[in-house]
There are 2 protein chains.
Amino acid sequence: MPNTLSDNAIARLSVYRRVLTEMHRDSRTSVRSDDLAAAAGVTASQVRRDLMLVRALGTNKGYDTADLLGAIEKLMDPPEPQEVALVGVGNIGTAVLSYFAGRRPMLDITVAFDNDPAVIGRTLHGCPCLPVTDLAEVVAGRNIRAAIIAVPADAAQKVAEALVSAGVRGIMNFAPVRLRAPRSVYVENVDLTGSLEKAAFFARQRSQKEQGQTGYAY
Amino acid sequence: MPNTLSDNAIARLSVYRRVLTEMHRDSRTSVRSDDLAAAAGVTASQVRRDLMLVRALGTNKGYDTADLLGAIEKLMDPPEPQEVALVGVGNIGTAVLSYFAGRRPMLDITVAFDNDPAVIGRTLHGCPCLPVTDLAEVVAGRNIRAAIIAVPADAAQKVAEALVSAGVRGIMNFAPVRLRAPRSVYVENVDLTGSLEKAAFFARQRSQKEQGQTGYAY
DNA sequence: GCTATACTGTGAACGTCTTCACACTGTGCT
DNA sequence: AGCACAGTGTGAAGACGTTCACAGTATAGC
Ligand SMILES: NC(=O)c1ccc[n+]([C@@H]2O[C@H](COP(=O)([O-])OP(=O)(O)OC[C@H]3O[C@@H](n4cnc5c(N)ncnc54)[C@H](O)[C@@H]3O)[C@@H](O)[C@H]2O)c1
Ligand SMILES: NC(=O)c1ccc[n+]([C@@H]2O[C@H](COP(=O)([O-])OP(=O)(O)OC[C@H]3O[C@@H](n4cnc5c(N)ncnc54)[C@H](O)[C@@H]3O)[C@@H](O)[C@H]2O)c1
């Protein structure tokens, strides 16, 4: 099967979309592959290759900003607003909630769950926090297909299982565990520890290289 | 140059490390590549391939948990404690601070910067919040090489430049912009919007597939 | 001591993603 | 109208990361 959208492609398209949205807001009407490339931090070839996926056509003057944006949105956005559930309204959960609130009309965190009585019943940024015991019913009842897990590591697997059996097929997971889930469920692990470690590791590596220290191979 | 540690390899090693730490705490003394693989969500081949990078040797009974952990730490951890600076003590910044506080003795967020008088002067989780105007002096003075950017998008580029000229060579960036930085600086972009979009996108894709809907190619 | 067994270490095959290079197409200019 | 140019679309090449498959090696059992 050709033209299957890879993981990375989706991530890049998401970036192009953001860049294009800004350009469009600035009333810029046309954009070339190398402009997009520079703004997105990839090569121009990569941009053109990715744009083949969205079946967007350009001219010798570049692409029409609005058209391109439309094509990407048509591919990436759901045809109708998609609800997302959040489980775990702690530090990260709250941050995510505040950030996404009202930002993407087509992708909205409309319900949150927690097991802490202090949070349950409150409404944060327009999103009600329900007891986690209601999860199965609410998620299944509203046909929610995507969810965010932001509970402590030792609760994550159980939550994931509950979500999956309630019908969720895409999970963004902040907990530092590899969730066991059927192949039919997409799990996007957000490994902040790993990210920070990478930054720290390569920071050391680069500063060594800079000082001309002939160290190990890496 | 062979044996150069890729991005992905570092991320996986970070996961192995976490798994091994748990096993070690549980007094487990040996581990096989397929155990690690299952826990880390990768293949056994992948694990063995990665372990070649850390020059860890196993036997026909697997690897010695403590040895392996030591080998990975020797590779990944700095020889002496490494300081990390945080810029932007908002929602995300606070969450990150609370999470990493005291968790990794070898990788510690020891200073934070903000431009909001309400935050400046406070100490969160043992980390003092200084005015961002002190950034250059403090970061350069303490030889800090890694930093986290958690300021709004429109402030991120300026902050990045300040960090880089103060000597930072590795940045974990939460702001939704592609930072322009010299090649000698490693930038790890944490794109939460992209991650959520991926989860939502594939959630739709999977649930369609499940229902046997012969839709588009993707 | 010898064989059967279990796992690692790794060259090679494989597949995927990225980059290259250039044919092609439309535009602007004279 | 015709030519020069600029930028796309894409086949092919290349680089990279992953998986395969099996030789090598140590242990356990008899
Ligand atoms: N904060 C960070 O920067 C950070 C970094 C890396 C990883 N993480 C991971 O993200 C997750 C959340 O982190 P956090 O800092 O927000 O933690 P937190 O403790 O602030 O929040 C966890 C929330 O989950 C709720 N909860 C606990 N058990 C639950 C259950 N069974 N069902 C529903 N809700 C439950 C708690 O009441 C709390 O509100 C953790 O797994 C953590 O390891 C966080
Ligand atoms: N919260 C999320 O879930 C989320 C998701 C995706 C992206 N982000 C990005 O992460 C960044 C931070 O998000 P947030 O939700 O924590 O925002 P926030 O507004 O809560 O925090 C931003 C902090 O940066 C400080 N700040 C502003 N300008 C500054 C400057 N020039 N120097 C130093 N400090 C400055 C502010 O005082 C504030 O404390 C933003 O760029 C945001 O787009 C956040």
Side-chain angles (χ1 to χ4, degrees), chain A residues 1-16 20 23 28-69 71-72 75 178 183 194 198 202 217-218, chain B residues 1-16 20 23 28-69 71-72 75 178 183 194 198 202 217-218:
Chain A
M1 189 194 316
N3 275 4
T4 183
L5 281 180
S6 81
D7 217 58
N8 288 356
I10 293 282
R12 282 192 303 267
L13 285 171
S14 166
V15 174
Y16 302 153
L20 287 166
M23 288 177 171
R28 180 165 174 178
T29 57
S30 104
V31 60
R32 295 191 322 246
S33 59
D34 54 340
D35 295 329
L36 256 183
V42 299
T43 66
S45 288
Q46 183 74 78
V47 169
R48 293 202 300 275
R49 183 63 65 184
D50 287 337
L51 294 189
M52 289 177 66
L53 297 171
V54 308
R55 291 157 169 65
L57 290 192
T59 70
N60 65 334
K61 279 294 161 197
Y63 303 84
D64 180 274
T65 311
D67 284 359
L68 193 45
L69 188 53
I72 292 179
L75 179 66
R178 237 54 179 187
R183 199 155 326 197
K198 275 203 263 184
F202 288 115
Y218 41 109
Chain B
M1 190 192 317
N3 274 6
T4 182
L5 281 181
S6 82
D7 219 57
N8 288 358
I10 293 283
R12 283 192 302 269
L13 285 171
S14 167
V15 174
Y16 303 153
L20 287 167
M23 289 176 170
R28 179 164 173 177
T29 57
S30 105
V31 60
R32 295 189 324 244
S33 59
D34 55 341
D35 295 330
L36 255 182
V42 299
T43 66
S45 287
Q46 182 76 77
V47 169
R48 294 202 299 276
R49 183 63 66 182
D50 288 336
L51 293 188
M52 288 177 67
L53 296 171
V54 308
R55 292 158 168 66
L57 290 192
T59 73
N60 66 333
K61 278 295 160 199
Y63 303 84
D64 179 275
T65 310
D67 285 359
L68 192 45
L69 188 53
I72 292 179
L75 180 65
R178 236 55 178 187
R183 198 156 326 195
K198 275 203 265 185
F202 288 114
Y218 40 109

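Every chain is numbered from 1, with letters handed out A, B, ... down the list of sequences.
A straight line from CG of A/Leu57 to P of C/dC24 spans 17 Å, rounded to a whole angstrom. Following rounding to the nearest Å, A/Asp64 (CG) and D/dG7 (P) show an atom-to-atom distance of 16 Å. The separation between A/Asn8 atom CG and D/dG17 atom P is 12 Å, rounded to whole Å. Computed from coordinates, the B/Ile10 CD1 to D/dG17 P distance equals 12 Å when rounded to whole Å. The nearest whole Å value for the distance from the CG atom in A/Leu5 to the P atom in C/dT16 is 14 Å. Taking atom CG of residue A/Asp7 and atom P of nucleotide D/dT18, one finds them 12 Å apart after rounding to whole Å. Remark: C1' of C/dT5 and CZ of B/Arg32 are 13 Å apart, rounded to the nearest angstrom.
Checked by atom type, the side-chain pair A/Ser33/A/Arg48 shows a donor-acceptor distance below 3.5 Å.
Note that CD1 of B/Ile10 and CG of B/Leu5 are 4.5 Å apart. Values are rounded to the nearest 0.5 Å. From B/Leu51, atom CG reaches atom CG of B/Leu57 across 10.0 Å, with rounding to the nearest 0.5 Å. One finds the CG atom of B/Leu36 at 11.5 Å from the OG1 atom of B/Thr43 (value rounded to the nearest 0.5 Å).
The shortest heavy-atom contact between A/Leu53 and A/Ala9 is CD1-CB, 3.9 Å. A/Lys198 and B/Ala11 make their closest contact through CE-CB, 4.1 Å (heavy atoms, listed as atom of the first residue, atom of the second, distance).
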Where do N or O atoms of nucleotides 1-4 of chain C meet protein N or O atoms at under 3.5 Å, pair by pair?
none

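Side-chain contact check for B/Leu68 versus B/Met23: every heavy-atom pair is 4.5 Å or farther apart. Proximity of A/Asp64 to A/Thr59: side-chain heavy atoms (C-beta onward) are nowhere separated by under 4.5 Å. Residues B/Arg28 and B/Asp35 are in side-chain contact: their nearest non-hydrogen atoms beyond the backbone lie under 4.5 Å apart.
For B/Tyr16, the side chain to side chain donor-acceptor pair (under 3.5 Å) criterion is met by B/Asp50, not counting sequence neighbours. By the side chain to side chain donor-acceptor pair (under 3.5 Å) test, B/Asn8 is found to be paired with no residue, residues two or more places apart in sequence or in another chain being considered.
Residues from residues 33-51 of chain A lying near DNA chain D, meaning a heavy-atom separation below 4.0 Å, are A/Ser33, A/Arg48, A/Arg49 in numerical order.
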| What is the per-nucleotide protein-contact pattern of nucleotides 24-30 of chain D, from the 5' end, where B denotes a base atom under 4.0 Å from a protein heavy atom, S denotes such proximity for sugar-phosphate atoms only, and - denotes neither? | --BB---

| field | Base-pairing string, 5' to 3', of DNA chain D - Watson-Crick or wobble, under 3.5 Å, | interstrand | value | ||||||||||||||||||||||||||||||

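A close approach under 4.0 Å does not occur between any side-chain nitrogen or oxygen of A/Tyr63 and OP1 or OP2 of D/dA6.
Using a 4.0 Å cut-off between a side-chain N of Lys or Arg and a carboxylate O of Asp or Glu, A/Asp7 and A/Arg12 do not qualify as a salt bridge.
Between the side chain of A/Arg32 and the backbone N or O of A/Asp34 there is no donor-acceptor pair closer than 3.5 Å.
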